[in-house]
Amino acid sequence: MTDEASASDQERHTVPSTRTTRTARLAAAALAPCLLAAGVLAGTVAGTGTAVAGDRPGDTGGAAATLGRLTVHDGVTVRDAGEEWKAEAGLFEMSVTGGGALQSYSIDLRTPAREGTSYKEVGWEQSSLHSNKNAGKLRWILENSYPQVNDLAALAEKAGAKTLDDTAAAAGTQAAIWRLSDDVDARPDDPDAQKLAAYLLRTAKSTPQPPASLTLDPPAVAGRAGERIGPVTVRTRADRATVNLAVGAPPGAAIVDKHGKAVEGVVGGSELYFRIPADAPGGTARLTVQADAPVPIGRTFVSDSHSQTQILAGASTSTVTADATVTWAAQKAEGAVPALSAKKNCAKSGIGITADNAGDAPFTFELLGFRHTIPARTSRTVTIPLQEDQAYDLTVSGPDGLTKNFKGVLDCETAGTAAIGTADAPANRPTPATGGSPDPVAAGENLAATGASPATPKIAYVAFGMIVLGAGAVVLLRKKKPVPHDG
């Protein structure tokens with residue numbers, strides 16, 4: 001038995017399977033986003049007449065980047081479910097909006113990588129790693145292999161390899177990552193890269209999720225004019241961040257600290273408050289925090305354009321931003337004063353809509369024929385189940401022209417088990433975004449038509465919505481189909 005075969009056998013027996021088991025979801029879940037896009041979610045709110053549109057759930061901060069080329073790579077053979085195909089394994093480059101450069105590996109082998117696609121930094125709970133018990137080992141691999149370890153002679157010695165160049169190191173690292181992220185047998189063509197992959201899998205240890213580069217908590221607050229509304233806590237590793245109140249805030253409005261002093265610069269842990277003049281009519285406003293900060297290795301990057309999920313392997317200091325909104329009622333107005341936000345919840349396969357009612361009366365809204373009431377000075381989250389790969393456009397609306405819109409794509413799983421690519425047309429080569437699928441939200445494309453398996457919804461109002469529309473439920477059990485990569 002060769003050293004390579006022995007290492008592969010050891011790897012196969014010591015690394016547990018991590019494929020996410022997709023349970024069946026009723027076709028009702030596929031109808032929910034269509035109902036939501038039609039504006040069936042309505043809210044009753046007192047005295048706020050400002051429209052806020054286009055928020056992406058989870059957009060509370062971090063780096064935004066554009067996917068570039070696969071820069072350092074080599075071939076691997078991938079085997080899964082009785083199929084075999086060739087793929088290119090290595091590092092992608094990403095350019096950060098506002099300044100900075102990133103390097104990343106793929107953690108979604110069967111989904112195409114679309115060059116020129118926009119990505120957003122998110123936590124593991126909002127990516128395909130949300131239920132992956134080996135996610136912590138991925139971070140260890142990233143921190144203990146190429147490019148974080150650039151002494152390739154020392155890395156080769158640890159792996160028992162004769163020599164490693166950058167292409168072999170990148171291919172071996174990516175192969176190990178795919179084993180844990182996609183649960184496939186990925187074997188590099190280069191024998192020394194094989195040894196590196198086996199070493200990384202054999203020695204990887206579970207490590208905690210890295211913190212966000214910049215985030216604001218909570219992303220939305222509410223109160224009354226004349227009050228100091230907040231706090232919003234800044235969480236960042238940057239030495240200093242700038243704070244700006246968006247154009248359109250009422251005259252005299254300001255961002256202040258807990259002592260009421262106006263602030264323009266903050267550090268991690270700072271608490272920010274909105275100060276709204278007592279004579280201001282009801283409305284909404286937004287603050288933006290921006291910093292030059294390191295993006296932690298192991299953060300995930302996702303796209304709303306059905307492009308391959310990435311995990312961060314290398315980064316320069318980059319421009320990162322985060323937003324928070326405030327909703328206020330007139331000083332003497334009575335009633336509910338809700339702050340509305342949304343966050344992708346991959347554990348529940350849906351979008352969580354949070355209403356934080358800072359008013360002195362209950363806040364009531366209807367969702368698919370069911371009425372929800374949030375008592376005064378109480379917060380509650382309602383999770384809307386969606387189908388995997390489902391594009392959604394969700395609008396919360398109330399009197400006086402208040403609207404709050406959330407849109408995106410639910411992308412919480414790696415692609416299914418069918419093989420992609422051939423020996424003559426290797427997979428994982430990025431294709432231009434202009435030549436691939438457009439943004440499914442902008443184009444109104446329903447990716448559920450090409451996507452995931454349905455399963456039992458967790459909230460009864462989805463099934464009720466089907467009855468209201470007179471829809472017939474047809475249960476479809478199928479796996480998420482991969483989209484072939486261009487060679």
Side-chain angles (χ1 to χ4, degrees), residues 29-30 32-34 36-37 52-68 92 94-98 102 104 106-108 110-130 212 215 219 299-312 320-323 341-346 348-353 384-395 404-415 430-452 480-483:
C34 303
L36 296 171
V52 181
D55 287 353
R56 305 266 177 172
D59 276 8
T60 53
T66 301
L67 185 67
F92 286 89
M94 302 181 80
S95 58
V96 179
T97 303
L102 309 176
S104 63
S106 158
I107 54 171
D108 190 5
R110 302 174 188 85
T111 299
R114 303 193 186 282
E115 187 174 349
T117 297
S118 297
Y119 279 74
K120 181 68 179 176
E121 175 192 346
V122 299
W124 292 350
E125 70 281 356
Q126 297 185 67
S127 76
S128 57
L129 297 183
H130 69 95
T215 190
R299 291 293 286 176
T300 46
F301 281 76
V302 299
S303 169
D304 279 336
S305 298
H306 201 237
S307 185
Q308 190 175 83
T309 302
Q310 303 287 306
I311 192 166
L312 190 65
V320 294
T321 61
D323 293 336
S341 61
K343 186 174 183 179
K344 182 164 63 173
N345 187 333
C346 286
K348 294 185 177 181
S349 299
I351 302 300
I353 305 295
I384 303 165
L386 299 173
Q387 192 178 37
E388 175 69 8
D389 281 340
Q390 176 67 59
Y392 58 89
D393 190 341
L394 171 65
T395 297
K404 184 76 171 179
N405 177 256
F406 303 102
K407 60 184 180 179
V409 172
L410 186 73
D411 185 5
C412 290
E413 310 290 348
T414 57
T431 59
T434 54
S437 299
D439 185 323
V441 176
E445 179 183 357
N446 181 350
L447 290 181
T450 63
K480 180 177 179 180
K481 298 178 181 178
V483 180

Looking at [X] and [Y], would you say the former's side chain and the latter's main chain have a donor-acceptor pair under 3.5 Å?
| X | Y | result |
| --- | --- | --- |
| His306 | Asp389 | no |
| Glu121 | Arg299 | no |
| Gln308 | Asp108 | yes |
| Ser303 | Tyr119 | no |

Exercise. Looking only at heavy atoms, what is the nearest atom pair of Ile351 and Ala342, with distance?
Worked result: CG2-CB, 4.0 Å
For this session: For Phe92 and Gly68, work out which heavy atoms get closest and say how close.
Result: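 For Phe92 and Gly68, the tightest heavy-atom pair comes out as CD2-O, 4.0 Å.
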Answer yes or no: is there a side-chain heavy-atom contact under 4.5 Å between [X] and [Y]?
| X | Y | answer |
| --- | --- | --- |
| Glu413 | His130 | yes |
| Glu388 | Ser349 | no |
| Thr111 | Asp411 | no |
| Gln126 | Val302 | no |
| Thr414 | Ile107 | no |
| Ile353 | Phe406 | yes |

For this session: For Ser341, check side chain to side chain donor-acceptor pair (under 3.5 Å) against everything at least two apart and list the hits.
Result: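 Per chain and number, Ser341 pairs via side chain to side chain donor-acceptor pair (under 3.5 Å) with no residue.
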For this session: Let me see the working for Leu67 and Glu115 under side chain to side chain contact (heavy atoms under 4.5 Å, CB included), right down to the final yes or no.
Result: CA-CA 5 Å; Leu67 185 67; Glu115 187 174 349; 5.6 Å; no
